[in-house]
Asks: 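Attaching a single structure in C-alpha cells format; questions to follow.
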Amino acid sequence: MAKLKVAGTWRGIIEIELENWTVTMLRDEVAKRSGLDPESIKLIFAGKILKDHGDGTQTLAQLGIKDTSKILSSRGAAAEEGKSIMEEEERSRRLSRVKAAATALSKRHADGSLPIEDYNIELEDQGGHRVNFGTETDQSAAMMGLMLHTKGKSLIERGMYSDAIEVLAMAEESFLVCDPKILEFVDNISIMEIDIVWCYFLLRDLKCLSDAGVRLEKARKGLERAHGKDLSRVRLLQAGQCPELALYVRLELLEGVVAYHTGQNHKALNALKSAHAKLLQLQIPDETLSLVMGMGFQEKDAKRALRLNNQDIASSVDFLIEKRAKRVQKLKDNHQRQKEILEQKTYGVTPMKKAVDMQMLDRLVSIGYARDLAAESLRRNENDFQKALDGLTNPEVNCSIQVYIESRKRKRQEKLVGITVDELVSMGFERGQATSALEAGGDREDIIQRILSLEKANPGTATLIGNGGTASSTDNGAGESISNEIDGGAEQDAEMNDETTDEIENRGSTSGESDGEEERDAEIEHEIANEIAKVDALSAYDINLDREIEAINEYLGMLDASQTSG
C-alpha cells in the first residue's frame with residue numbers, strides 16, 4: 001500500500017494501491033472525506049491537474065504518482081479558485097526550492113568541497129561550546145536543519161505561518177537524521193517544536209490540538225534535558241544568567257491553550273499563571289531602559305541585556321560592552337576566514353572534490369615546505385598528511401610537483417596578460433627570456449618591453465622579429481643543442497598541461513557543477529545566507545512578547561469566566 005499526502009479541501013493521508021487506483025477513484029475518495037461533490041474537485045499533482053484520459057483506466061502509477069507523493073485537492077469552476085490553485089502551485093514550487101537550496105548548501109558545507117563564502121554556521125551547547133559531529137551525514141543533516149529552522153522563523157516574522165510549518169517540518173526531518181546523542185545537550189529541536197505549535201496557535205488551527213500536545217511534551221522534555229530541571233544546568237553554565245526565560249513564557253502559554261481546549265481547566269490555569277509570573281519578571285521599567293539606551297545602546301539590545309541580567313544596569317552595560325567586543329572579534333574572524341577561503345580556492349580540489357585541508361597545510365609549512373608545494377601534495381593525496389609528506393620527501397615527486405606549479409603559474413599569468421610563451425617565441429624571442437618576462441608580471445606591452453631590454457643588455461643574442469617569426473640564434477656555437485633542450489622541456493610541459501588542464505580549469509569549483517549537477521539556485525541560497533547572518537546565539541530567546549501578553553490575558557479571562565458561570 002502506498003501513502004498519498006493530500007492537502008486542500010481535505011488534509012490527510014490516504015492509503016491506496018497505485019497500480020490499481022485511477023484518478024476517478026482517488027477523486028471520489030477525497031470527495032467522500034471532504035463531504036463535497038466529486039465533480040467539483042480538482043486534483044493537482046506536480047503542478048498539473050490530474051485528468052481521466054481515454055477510457056479512464058490509466059492508473060495513478062502510470063501517471064507518475066509514487067508513494068508519499070503530495071496531491072493538492074481544490075474545488076474547481078470559479079475563476080478566483082483557479083487563481084488560488086496557481087498560488088498554491090507557486091507556493092509549493094517555492095518551498096521545494098527552499099529545501100533544494102538548503103540541501104545544496106549543507107552538502108557543500110559538510111563534504112568540504114569548498115567552504116561557504118556567504119555564511120558560517122556552528123552548533124553550540126548551552127555552555128557556548130561547539131558541538132562536534134561524528135560523521136559528515138550528521139554534520140550535513142544538522143546544518144540543513146539549522147538553515148531550514150532559520151528560514152521558518154523568518155517566515156513566521158513575515159506572517160506566513162502555513163509556509164513556516166512546512167519549512168519547519170523539513171527542518172525536523174533533517175534533525176532526525178542526526179545521531180540523537182549529538183543533539184542531547186542543545187535545545188534547537190525543542191525550540192522548533194514550540195515554533196511549530198506557535199504557528200498552529202497563530203492560525204487558530206484547533207484541528208492540530210493533539211499534534212500540538214505531543215510536540216509540546218517533546219519540547220518540555222528536550223528543554224529539561226538541555227537546560228536542566230528548573231533551568232539549573234543552564235544557570236550554572238551561564239553564570240546565573242538565563243536568556244531562555246521568554247521561551248518558557250511561550251511554552252507555558254501554549255501548554256495552557258492546549259489544556260484549555262481539551263477541557264483540562266486546572267492544568268490550563270496553572271500553566272497560564274506560571275507564564276504570567278515569568279512575564280512579569282521580563283517586564284522592563286521605562287526608566288531603566290532609558291538609562292541603558294542613554295549610554296548609546298539600541299532599544300532591542302538594551303532590553304535583551306536587562307532581561308538577561310535581572311534588570312541590573314551595571315551588569316547589563318558590562319554585558320553589552322562584552323557583546324560589542326565579541327561582535328568586532330567575530331567580524332575579524334570572518335574576514336580571516338574569508339581570506340582562508342580565497343587562498344583555499346587557489347589550490348583547487350582533490351580528485352574526490354575535497355578542499356585542501358588548511359590545518360594539514362599549516363603543519364607541512366611549519367616543517368619547512370613552501371606553502372604552494374605542500375598544498376599541491378595534499379591535494380594530490382586527498383589530504384592524507386603522511387602520503388603528502390612522503391611525496392614531498394621524494395626528490396622525483398617533489399620535482400614533478402614544482403614543475404607542475406611553475407607550469408600552472410605560467411598558464412595563469414598568460415591568461416591574465418593575454419599572451420603566451422609560444423606567442424612570444426613565434427615573435428622571435430628566446431623561450432627562456434619569454435618565460436622569465438611573463439613570470440615577472442605586467443601587461444602585454446610591459447612584457448614585450450622587458451624582453452627587448454634584456455636583448456639590449458645581452459648583445460650576444462640576435463633576435464629576428466618578422467611577420468612569420470623566426471627562431472633566435474646565439475654566437476656560442478651551441479644554439480641548436482640549447483634550442484632542442486628547451487623544446488624538449490616545452491614538450492614535457494605541454495604533456496603535463498594536457499593531464500592537468502581540467503584540474504586547472506575547475507579550480508574553485510565547489511559544488512560539482514562541472515560534473516553535470518543541477519545549477520545552484522543563487523536567489524534562494526543568498527536569501528537563506530542573509531537570514532542566517534542576522535541571527536546570533538541569543539536570537540532564539542529574543543522574543544517579542546506582545547502577542548503572548550494578549551493571549552495570556554485572554555485565556556485567563558476565559559478561565560475566570562468559566563469558573564464564575566460554573
Side-chain angles (χ1 to χ4, degrees), residues 1-100 148 152 155 160-173 176 196-197 199-215 258 261-262:
M1 298 288 284
K3 293 182 179 180
L4 296 185
K5 297 178 181 178
V6 181
T9 57
W10 177 82
R11 180 185 294 269
I13 295 175
I14 296 179
E15 292 190 0
I16 64 169
E17 294 181 3
L18 294 172
E19 299 295 341
N20 295 326
W21 278 53
T22 63
V23 173
T24 301
M25 293 168 67
L26 180 59
R27 187 186 294 114
D28 289 344
E29 183 64 25
V30 172
K32 177 182 173 183
R33 298 193 186 203
S34 58
L36 298 171
D37 180 357
E39 295 299 321
S40 69
I41 289 179
K42 286 186 177 180
L43 300 178
I44 300 168
F45 169 66
K48 296 181 180 180
I49 296 175
L50 294 175
K51 296 181 180 179
D52 300 305
H53 295 284
D55 57 3
T57 60
Q58 194 173 24
T59 67
L60 297 177
Q62 291 172 328
L63 292 170
I65 298 174
K66 301 176 182 178
D67 186 24
T68 72
S69 288
K70 289 187 177 181
I71 305 292
L72 173 65
S73 167
S74 176
R75 297 178 65 185
E80 58 270 18
E81 291 187 13
K83 181 181 178 182
S84 177
I85 292 173
M86 293 178 64
E87 289 174 350
E88 184 64 26
E89 290 175 13
E90 177 57 33
R91 172 176 172 270
S92 178
R93 277 195 293 270
R94 183 163 182 83
L95 290 173
S96 296
R97 288 176 64 195
V98 168
K99 184 174 183 179
L148 290 171
L155 291 169
M160 302 170 70
Y161 307 126
S162 295
D163 287 4
I165 290 171
E166 295 273 3
V167 173
L168 291 171
M170 295 177 199
E172 184 178 36
E173 289 177 11
L176 289 175
I196 291 173
V197 180
C199 289
Y200 292 161
F201 172 75
L202 294 172
L203 289 168
R204 301 290 176 171
D205 191 349
L206 296 180
K207 298 191 300 295
C208 296
L209 278 176
S210 59
D211 183 52
V214 172
R215 288 186 181 280
V258 170
H261 285 291
T262 54

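This is a predicted model, so every value here is computed, not measured. We number each residue from 1, following the sequence as shown.
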Asks: Step by step, work out the side chain to side chain contact (heavy atoms under 4.5 Å, CB included) result for H261 and L206.
Replies: CA-CA 8 Å; H261 285 291; L206 296 180; 4.0 Å; yes
Asks: Can you give me the closest heavy-atom contact between G152 and L168, atom names plus distance?
Replies: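 Closest pair (atom of G152, atom of L168, distance): CA-CD2, 4.0 Å.
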Asks: Given D67 and K3, is the side chain to side chain contact (heavy atoms under 4.5 Å, CB included) satisfied, shown in steps?
Replies: CA-CA 5 Å; D67 186 24; K3 293 182 179 180; 3.9 Å; yes
Asks: Under 4.0 Å between a side-chain nitrogen and a carboxylate oxygen: does that hold for K32 and D28?
Replies: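 Result for this pair is no, no salt bridge flagged.
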Asks: Do Q58 and L63 have side chains that approach each other closer than 4.5 Å (heavy atoms only, starting at C-beta)?
Replies: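 Yes, side chains in contact.
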Asks: Evaluate the side-chain proximity of I13 to V6: yes if any heavy-atom separation is below 4.5 Å, no if none is.
Replies: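 Side chain of V6 against side chain of I13, heavy atoms only: no contact under 4.5 Å found.
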Asks: How far apart are the C-alpha atoms of T59 and N20, what are their side-chain angles, what is the distance that settles it, and do they pass the side chain to side chain contact (heavy atoms under 4.5 Å, CB included) test?
Replies: CA-CA 6 Å; T59 67; N20 295 326; 6.0 Å; no
Asks: Specify the closest pair of heavy atoms between L4 and K66, including all atoms of both residues, with the distance to one decimal.
Replies: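 Looking at all heavy atoms of both residues, the closest pair is CD2-O, 3.5 Å.
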Asks: Applying side chain to side chain contact (heavy atoms under 4.5 Å, CB included), can you list everything that pairs with E173, at least two apart in sequence or on another chain?
Replies: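 Expected list: K99.
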Asks: Going from CG on L95 to NZ on K70, what distance comes out if it is rounded to the nearest 0.5 angstrom?
Replies: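 Result: 7.5 Å between the selected atoms.
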Asks: According to ring-ring contact (aromatic ring centres under 6.0 Å, His included), who are the partners of F201, at least two apart in sequence or on a separate chain?
Replies: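 In terms of ring-ring contact (aromatic ring centres under 6.0 Å, His included), with neighbours along the sequence ignored, F201 is linked to W198.
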Asks: Whether the side chain of S69 engages the backbone of I65 through a donor-acceptor N/O pair (distance < 3.5 Å, no angle test) should be reported.
Replies: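 Absent.
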Asks: Who passes side chain to side chain donor-acceptor pair (under 3.5 Å) against R94, sequence neighbours left out?
Replies: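 Testing R94 for side chain to side chain donor-acceptor pair (under 3.5 Å), a comparison that skips the adjacent residues, returns E527.
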Asks: Just so I know, are the side chains of T22 and L60 near enough to count as touching, which here means a heavy-atom distance under 4.5 Å?
Replies: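 A side-chain contact is absent here, since even the closest heavy-atom pair is not under 4.5 Å.
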Asks: Go through it in stages, so that I can follow the logic: the residues are R215 and E172, the test is side chain to side chain contact (heavy atoms under 4.5 Å, CB included), and I'd like the CA-CA distance, side-chain angles, deciding distance and then a yes or no.
Replies: CA-CA 11 Å; R215 288 186 181 280; E172 184 178 36; 2.9 Å; yes
Asks: Among pairs that include at least one residue of residues 18-27, which meet salt bridge (Lys or Arg N to Asp or Glu O under 4.0 Å), considering only residues two or more places apart or in two chains?
Replies: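 For residues 18-27, and leaving out neighbouring residues, the salt bridge (Lys or Arg N to Asp or Glu O under 4.0 Å) pairs sorted by first residue read R27-D52.
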Asks: Residues in side chain to side chain contact (heavy atoms under 4.5 Å, CB included) with I165, at least two apart?
Replies: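 Checked I165 against side chain to side chain contact (heavy atoms under 4.5 Å, CB included); matches are C199, Y200, L203.
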Asks: Of the non-hydrogen atoms in L26 and I14, which two are nearest, and what is the gap between them?
Replies: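 Taking L26 first and I14 second, the nearest heavy atoms are CD1-CD1, 4.3 Å.
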Asks: Does E29 have any salt bridge (Lys or Arg N to Asp or Glu O under 4.0 Å) partners at least two apart in sequence or in another chain, and if so, which?
Replies: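 Scan of E29 (salt bridge (Lys or Arg N to Asp or Glu O under 4.0 Å), adjacent residues dropped) gives R33.
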